[in-house]
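Worksheet: one structure, shown below.
In each ligand, atom 1 is the first atom listed, and ligand 1 is the first ligand listed.
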Amino acid sequence: MEPMGNFQAALVQAIQEYVHTSKLNRLRNIDQSPIWEEPLVGFADGDDALFDRYKVVVGETHLTPREALNAARRDENRAELLGSEAVSVVSWILPAARQTRLDNRAMTAGPSLRWNHSRFQGEELNDSLRRYVVAWLKQKHIEAAAPVLTGQFETLRSSKGWGSTWSERHAAYAAGLGTFSLSDGLITARGVAHRCGSVVAGVHWTPSPRRYTHHLENCTYYRDGSCKACMARCPAGAIGPEGHDKDKCREFLFVTLAEWVKKPRYIDSYGACGLCQTKVPCEHQIPDGRETEAQSLEP
Ligand code: B12
Ligand code: SF4
Ligand code: SF4
């Protein structure tokens with residue numbers, strides 16, 4: 001594995017700096033504290049065979065990185081498609097701030113105020129980071145696009161249930177940032193309480209190492225059958241020994257919690273709950289003290 005080049009290191013620094021300094025990364029209607037802590041960043045080869053496999057595990061409409069760049073070309077009315085040029089992916093994890101996790105730990109029936117604001121205002125930051133990274137790369141004459149901001153992005157229901165044409169977690173998995181779990185959340189070195197994003201670029205980058213051998217490795221339940229803390233946490237009964245029932249979860253978020261988010265000061269959208277991502281052993285770390293690249297900041 002080649003070491004990460006200076007250019008990649010500069011991009012990592014630019015992403016971290018952006019999250020650190022952007023006014024959008026503040027709970028502007030609560031106490032101005034940061035929404036997300038320092039991001040984790042990883043890279044994947046856009047022609048990694050995993051992206052072909054995603055056409056099976058996510059759905060046939062899931063885009064490869066090359067298709068995502070072509071989708072962006074179509075958005076710009078460019079007729080010619082990419083040839084055999086190198087394509088890479090940069091993916092990031094935005095770990096939820098400590099106070100947001102602590103507040104949500106105390107909840108049992110729906111999200112805390114901070115979790116609710118972090119979901120919606122935090123995604124504004126995530127979108128703006130996607131645009132920033134694309135602009136940063138284009139300024140250096142590298143073709144780039146954020147797949148979820150292209151015209152071909154869609155949230156849809158396939159034979160695999162609810163999904164989309166670009167799964168940010170699958171991009172992060174390919175970029176060595178973490179594995180899936182019983183709750184479906186991606187367990188990273190900074191845990192599962194996060195949001196993630198990515199950009200594809202017409203360039204060759206050194207891929208980050210994947211320090212796992214299968215897609216469920218970081219979850220204790222899939223290692224030794226124990227834990228199941230997320231099962232007990234889910235107020236909708238949407239997590240069982242077979243995994244996460246997306247229909248039950250979705251119904252709870254969009255229907256049951258519709259009243260919850262009408263409370264004073266809440267952002268009245270859908271009821272993103274995230275209880276399965278807080279007060280669980282994988283909340284802010286890989287459980288069981290396993291070796292991690294970036295150690296958690298707290299015990
Ligand atoms: C559709 C959607 C939903 C749906 C369905 C969720 C789902 N599991 O797909 C509903 C409405 C239920 C939902 C709920 C929530 N969501 Co949502 N949602 C999405 C969205 C838009 C698309 C997800 C997608 O395409 N999934 C594709 C399906 C097929 O993948 P999957 O089920 O996750 O993956 C399984 C298979 O691939 C399987 N698998 C089988 N074989 C193999 C082989 C290999 C090699 C691999 C890698 C995998 C694999 O393993 C996986 C786990 O079982 C993404 C944003 C995005 N563009 O990615 C956000 C996203 C997944 N949501 C997110 C969040 C935070 C939530 C909520 C916590 C709400 C909240 N904000 O509080 C809940 C919790 C859901 C949960 N427990 O996972 C985050 C998750 C980050 C994280 N921490 O993991 C995302 C990534 C948004 C973001 N930009 O950060 N969501
Ligand atoms: S709470 Fe336990 S069983 Fe659930 S995802 Fe986390 S490690 Fe796995
Ligand atoms: S987001 Fe809420 S309803 Fe959905 S699986 Fe997690 S705890 Fe259950």
Quick check: closest heavy atoms across [X] and [Y], and the distance to 0.1 Å?
{"X": "Gly151", "Y": "Asp75", "answer": "N-OD2, 2.9 Å"}
{"X": "Thr278", "Y": "Asn104", "answer": "OG1-ND2, 3.4 Å"}
{"X": "Gly243", "Y": "Tyr222", "answer": "CA-OH, 4.4 Å"}

So is [X] polar-close to ligand 1, meaning N/O to N/O under 3.5 Å?
{"X": "Arg250", "answer": "no"}
{"X": "His194", "answer": "yes"}
{"X": "Asp184", "answer": "yes"}
{"X": "His170", "answer": "yes"}
{"X": "Glu168", "answer": "yes"}
{"X": "Cys196", "answer": "yes"}

For ligand 1, does [X] get within less than 4.0 Å through its side chain, its backbone, both, or neither, judged by non-hydrogen atoms?
{"X": "His62", "result": "neither"}
{"X": "Lys246", "result": "both"}
{"X": "Arg195", "result": "both"}
{"X": "Ser158", "result": "neither"}

* Asked: Within less than 2.8 Å of atom 2 (Fe) of ligand 2, any N, O or S from Cys219?
  ->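 No, outside the cut-off.
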
Atoms in ligand 2 flagged as close to [X], the criterion being non-hydrogen separation under 4.0 Å:
{"X": "Cys230", "value": "1 (S), 3 (S), 4 (Fe), 5 (S)"}
{"X": "Ser181", "value": "5 (S)"}
{"X": "Cys227", "value": "1 (S), 2 (Fe), 3 (S), 7 (S)"}
{"X": "Tyr221", "value": "3 (S)"}

* **From CD (Glu38) to NE2 (His20), nearest 0.5 Å** =>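 Glu38 CD to His20 NE2: 8.5 Å, rounded to 0.5 Å.
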
In plain terms, say whether [X] and [Y] are close enough for a salt bridge, that is, a side-chain N and a carboxylate O under 4.0 Å apart.
{"X": "Lys138", "Y": "Glu76", "answer": "yes"}
{"X": "Glu123", "Y": "Arg195", "answer": "yes"}
{"X": "Glu283", "Y": "Arg233", "answer": "no"}

Is [atom] close to the protein, meaning a heavy atom under 4.0 Å from it?
{"atom": "atom 52 (C) of ligand 1", "result": "yes"}
{"atom": "atom 85 (C) of ligand 1", "result": "no"}
{"atom": "atom 40 (C) of ligand 1", "result": "yes"}
{"atom": "atom 17 (Co) of ligand 1", "result": "no"}
{"atom": "atom 3 (C) of ligand 1", "result": "no"}
{"atom": "atom 24 (C) of ligand 1", "result": "yes"}
{"atom": "atom 59 (C) of ligand 1", "result": "no"}
{"atom": "atom 62 (N) of ligand 1", "result": "no"}

Does ligand 1 have any atom sitting under 4.0 Å from a heavy atom of [X]?
{"X": "Leu50", "value": "yes"}
{"X": "Ser183", "value": "yes"}
{"X": "Tyr270", "value": "no"}
{"X": "Gly243", "value": "no"}

* After noting the C-alpha distance and the side-chain angles of Ser198 and Glu168, does the key distance pass the side chain to side chain donor-acceptor pair (under 3.5 Å) rule? -> CA-CA 7 Å; Ser198 61; Glu168 296 287 20; 2.5 Å; yes

Tell me the protein heavy atom at minimum distance from [atom], and give that distance in Å.
{"atom": "atom 4 (Fe) of ligand 3", "result": "Cys249 SG, 2.4 Å"}
{"atom": "atom 8 (Fe) of ligand 3", "result": "Cys234 SG, 2.3 Å"}
{"atom": "atom 15 (C) of ligand 1", "result": "Leu253 CD2, 4.2 Å"}
{"atom": "atom 2 (Fe) of ligand 3", "result": "Cys273 SG, 2.4 Å"}
{"atom": "atom 26 (N) of ligand 1", "result": "Gly163 CA, 3.7 Å"}
{"atom": "atom 7 (S) of ligand 3", "result": "Cys276 N, 3.3 Å"}
{"atom": "atom 75 (C) of ligand 1", "result": "His244 CE1, 3.7 Å"}
{"atom": "atom 47 (C) of ligand 1", "result": "Tyr173 CD2, 3.5 Å"}
{"atom": "atom 74 (C) of ligand 1", "result": "Cys249 SG, 4.3 Å"}
{"atom": "atom 3 (S) of ligand 2", "result": "Lys228 N, 3.5 Å"}
{"atom": "atom 67 (C) of ligand 1", "result": "Gln277 NE2, 4.8 Å"}
{"atom": "atom 1 (S) of ligand 3", "result": "Gly274 N, 3.5 Å"}

* **Any Ser118 side-chain heavy atom under 4.5 Å of Leu27 side chain** =>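 Yes, at least one pair of side-chain atoms sits under 4.5 Å.
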
* Taking the side chain as C-beta and beyond, is there a heavy-atom pair between Arg157 and Asp247 under 4.5 Å? ->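 Yes, side chains in contact.
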
* Asked: Under 4.0 Å from any heavy atom of Phe153, which atoms of ligand 1 are there?
  ->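 Listed by number with element, the hits are 57 (N).
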
* Heavy-atom contacts with Val58 under 4.0 Å: which atoms of ligand 1 show up? List them by number with element. =>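 Counting atoms of ligand 1 from 1, those under 4.0 Å from Val58 are 27 (C), 29 (C).
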
* ILVMFWY cluster, Leu156 and Val57 together (side-chain gap under 4.5 Å) ->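 Different clusters.
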
* To do: Give the intermediate values and the outcome of side chain to side chain donor-acceptor pair (under 3.5 Å) for residues Tyr173 and Ser167.
  => CA-CA 10 Å; Tyr173 175 87; Ser167 166; over 6 Å; no

* To do: Please verify whether a non-hydrogen atom of Gly237 lies at under 4.0 Å from ligand 3.
  =>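 Outside the 4.0 Å threshold, so no.
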
* Does His244 have a heavy atom less than 4.0 Å from any atom of ligand 3? ->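 For ligand 3, residue contact (heavy atoms, under 4.0 Å) with His244 is present.
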
Does a donor on one side chain and an acceptor on the other come within less than 3.5 Å for [X] and [Y]?
{"X": "Glu217", "Y": "Thr213", "answer": "yes"}
{"X": "Glu67", "Y": "Asn70", "answer": "no"}
{"X": "Thr179", "Y": "Arg210", "answer": "no"}

* Under 4.0 Å from ligand 2, counting heavy atoms only, is it the side chain of Arg233, its backbone, both or neither? ->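 For Arg233, there is no contact with ligand 2 at all, from either part.
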
* Do any of the N/O/S atoms of Cys282, backbone or side chain, fall under 2.8 Å from atom 6 (Fe) of ligand 2? ->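 Short answer: yes, at least one N, O or S atom is under the cut-off.
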
* Taking the six-membered ring for Trp, are Trp166 and His62 parallel (under 30°), tilted (30 to 60°) or perpendicular (over 60°)? ->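 Rings of Trp166 and His62: parallel, as their planes differ by under 30°.
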
